[in-house]
Amino acid sequence: MAHKLDRKELKKPDEFQVVAGKAMGWMAAHQKPVLAGLIALAVAVLGAWGASAYSTSREAKAGAGLATALELSSRPLASEAQAQPGVETFPSRQERQKAAVAALEKVRSDFPRSTAAQTAEAQIGFLELKEGDAKGAQAALQAFLDQAPGGHPLRTLAQESVGYALEAQGKLDEARAAFARLAQDGAPERAAFQEARIALVLGKPEARQQLEQVAKDYPKEPVALEANMRLELASLPPPGAPQAPAPKDRKPPAAASKGKK
C-alpha cells in the first residue's frame, strides 16, 4: 500500500525547494561575481549569435553579387539572335567579358572569405580560358584550387581547366601533371583520358591503345565517347594531305567474237 503522508511530512519542503533555497542563498552571498558571470555569458551568447547572423548576411550578399556576375556573363550579344523583350544585350564579346570579370572581381574584393568569392575566382578562370587568356586563366584557377576545399563542386572542372591552360601555353609536361591530379579529386576516368589524349598530341605510338583502354575501362562514362571520337579523328588523314586517287572506271571486257559460219 502507498505510504500516506502526515501533516509534518506535508509541511516539509521538497528536495527541489531545499536545493533551490541553498542556491539562492549562495547567489545572494556571491551576488557580484555571479552577476558578472551571467553578464559575460550573455555577452558571449549574443556575440556568437551576432557573428552567425553577420556571417549569414555576408554570404547572402556575396551570393547575390555572384548571381549578378553570372547573369552578366550569360547575356546575349546584340549581333546574336533576337533577344527576348526586356533582356539587355552587350555590343561585343569583349564588353561582356569586361563587365562579367569586373562583377566577379567585386565579389572577391567585397567578400574575400566567402564561398561565393571562391566560386567567383574559378569563374574568372573559366571566362579567361574561354577568351584565350591561358596565362590569366591558369593564375585564377590555381588560386581557386589553393583555397577551395576538397569537396567543392567546381574543383574537378577547375583542375582540368588548369591542364588545358598549361597545354595552350605549350607546357605539355606541366599539363600532364595537372591532368594526373584529377585522379586525386575523384575523377580517375578523366585523368586516364587526358593522359591518352596528351600522348596522342605528342604522337606517341601507344596513344591509340591508351584511348581504347579508356573506352574499355569506362564504357558508361562520357570519356568513353570522347575516347572513341579521338580514335576516329586519329584515323583520318591530316589536313592538307593529298587524297588517294579514286579508282578509274574500268570498262567491261569485250565480248568474245563469234566464229564465222
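Values in this document were obtained by computation on a predicted structure and should not be read as measured data.
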How long is the straight-line distance from [atom2] of [Y] back to [atom1] of [X], given to the nearest 0.5 Å?
| X | Y | atom1 | atom2 | value |
| --- | --- | --- | --- | --- |
| D185 | L157 | CG | CG | 11.0 Å |
| L231 | Q209 | CG | CD | 11.0 Å |
| F111 | Q118 | CZ | CD | 14.5 Å |

Would you say that [X] contacts [Y] through its side chain, given a criterion of any heavy-atom pair below 4.5 Å between the two side chains?
| X | Y | value |
| --- | --- | --- |
| L172 | L166 | no |
| R190 | E226 | yes |
| D217 | E189 | no |
| K61 | S114 | no |
| T119 | H152 | yes |
| E167 | V201 | yes |
| L145 | R155 | yes |

Which pair of non-hydrogen atoms, one from [X] and one from [Y], has the smallest distance, and what is that distance?
| X | Y | result |
| --- | --- | --- |
| A196 | A207 | O-CB, 4.1 Å |
| L72 | A99 | CD1-O, 3.9 Å |
| R208 | A234 | NH1-CB, 3.7 Å |
| K106 | S109 | O-OG, 3.1 Å |
| Y164 | F179 | N-CZ, 3.5 Å |
| R108 | A120 | CG-CB, 4.0 Å |

> Using a side-chain heavy atom cutoff under 4.5 Å and only I, L, V, M, F, W and Y, what cluster partners does L225 have?
Replying inline: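 Members other than L225 - counting any ILVMFWY side chain reachable under 4.5 Å - are M229.
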>> Would the distance check show the side chain of R230 and the main-chain N or O of R197 forming a donor-acceptor pair, the cut-off being under 3.5 Å?
In response: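 Here the side-chain-to-backbone pair does not exist.
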> When you measure from the side chain of R75 to the backbone N and O of F90, does any donor-acceptor pair fall under 3.5 Å?
Replying inline: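 No, because the side chain of R75 does not come within donor-acceptor range (under 3.5 Å) of the backbone of F90.
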> Are L211 and Y218 connected, step by step, through hydrophobic side chains (Ile, Leu, Val, Met, Phe, Trp, Tyr) whose heavy atoms are closer than 4.5 Å?
Replying inline: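 In one cluster: yes.
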> Linking I/L/V/M/F/W/Y whenever their side-chain heavy atoms sit closer than 4.5 Å, directly or via other members, would I198 and V162 fall into one cluster?
Replying inline: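 No, separate clusters.
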>> Could you check whether E121 and Q147, counting side-chain N and O atoms only, form a donor-acceptor pair closer than 3.5 Å?
In response: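 No pair is found: no donor N or O on one side chain lies under 3.5 Å from an acceptor on the other.
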> So, Q142 versus D146: side-chain donor-acceptor pair below 3.5 Å or not?
Replying inline: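 Yes - a donor-acceptor pair under 3.5 Å links their side chains.
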Enumerate, atom names and distances included, each donor-acceptor pair closer than 3.5 Å involving a side-chain atom of residues 123-135, sequence neighbours excluded.
| from | atom 1 | to | atom 2 | distance (Å) |
| --- | --- | --- | --- | --- |
| E128 | OE1 | A137 | N | 3.3 |
| E131 | OE2 | R93 | NH2 | 3.1 |
| D133 | OD1 | G136 | N | 3.0 |

>> Tell me if the CD atom of E212 is crowded by more than 12 foreign heavy atoms within 6.0 Å.
In response: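 Enclosed: over 12 neighbouring heavy atoms sit under 6.0 Å from CD of E212.
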